[in-house]
Amino acid sequence: MTAHEFEFSVADLDASGKDYRFAVRAPWLSGVLEGTELKAGAHEGAIEVRASKSGTDVVVHGTLKAELVAPCARCLKDA
């Protein structure tokens with residue numbers, strides 16, 4: 001897992017904001033899910049964010065889409 005998986009330069013931002021899209025790779029997702037029953041799915045996910053400056057603050061809004069594998073509540077096989 002890379003320490004700076006999703007990175008952008010604050011110097012590129014202004015009040016109008018900027019859109020970013022990053023790939024969500026299985027190794028990163030597996031690290032985030034460590035210690036849970038969930039696992040990363042077979043396909044790469046994506047995170048889409050809009051970042052803007054508000055004075056000295058940076059405001060970030062976004063969504064993360066990723067495939068997860070969880071144990072079936074009935075049979076405990078991957079679902």
Side-chain angles (χ1 to χ4, degrees):
M1 178 167 60
T2 305
H4 304 288
E5 189 78 18
F6 314 114
E7 186 176 299
F8 56 87
S9 175
V10 175
D12 294 340
L13 298 178
D14 58 21
S16 63
K18 189 170 180 181
D19 294 320
Y20 295 91
R21 179 179 169 87
F22 302 100
V24 176
R25 293 172 182 73
W28 180 85
L29 194 55
S30 294
V32 170
L33 297 172
E34 193 173 320
T36 72
E37 294 179 335
L38 301 174
K39 296 184 281 187
H43 298 71
E44 215 174 59
I47 185 168
E48 296 178 359
V49 298
R50 179 156 187 86
S52 60
K53 274 190 179 175
S54 178
T56 58
D57 295 329
V58 174
V59 180
V60 180
H61 295 275
T63 58
L64 180 127
K65 295 180 183 178
E67 184 179 297
L68 301 177
V69 178
C72 173
R74 188 185 65 192
C75 68
L76 298 179
K77 291 185 181 179
D78 286 348

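For the side chain to side chain contact (heavy atoms under 4.5 Å, CB included) test, residues two or more places apart in sequence or in another chain that qualify with Thr63 are Glu48.
The distance from the CG atom of Asp12 to the OH atom of Tyr20 is 5.0 Å, given to the nearest 0.5 Å.
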side-chain contact (heavy atoms from CB on, under 4.5 Å) between Trp28 and Phe6, intermediate numbers included: CA-CA 10 Å; Trp28 180 85; Phe6 314 114; 3.4 Å; yes

Compile the donor-acceptor pairs under 3.5 Å between side chains in residues 52-62 and protein atoms, sequence neighbours left out, one pair per line.
none

Show me the donor-acceptor pairs, under 3.5 Å and distance only, between side chains in residues 36-46 and residues at least two apart or in other chains.
from, atom 1, to, atom 2, distance (Å)
Thr36, OG1, Leu33, O, 2.6
Thr36, OG1, Leu38, N, 3.2
Lys39, NZ, Asp78, OD1, 3.3
Lys39, NZ, Asp78, OD2, 3.1
His43, ND1, Glu67, OE1, 3.2

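Taken together through direct or relayed side-chain contacts under 4.5 Å among Ile, Leu, Val, Met, Phe, Trp and Tyr, Leu68 and Leu76 form parts of separate hydrophobic clusters.
When all heavy atoms are compared, the tightest approach of Phe8 to Ala51 is CZ-CB, 3.6 Å.
Using a 4.5 Å heavy-atom cutoff, the side chains of Val24 and Leu64 are in contact.
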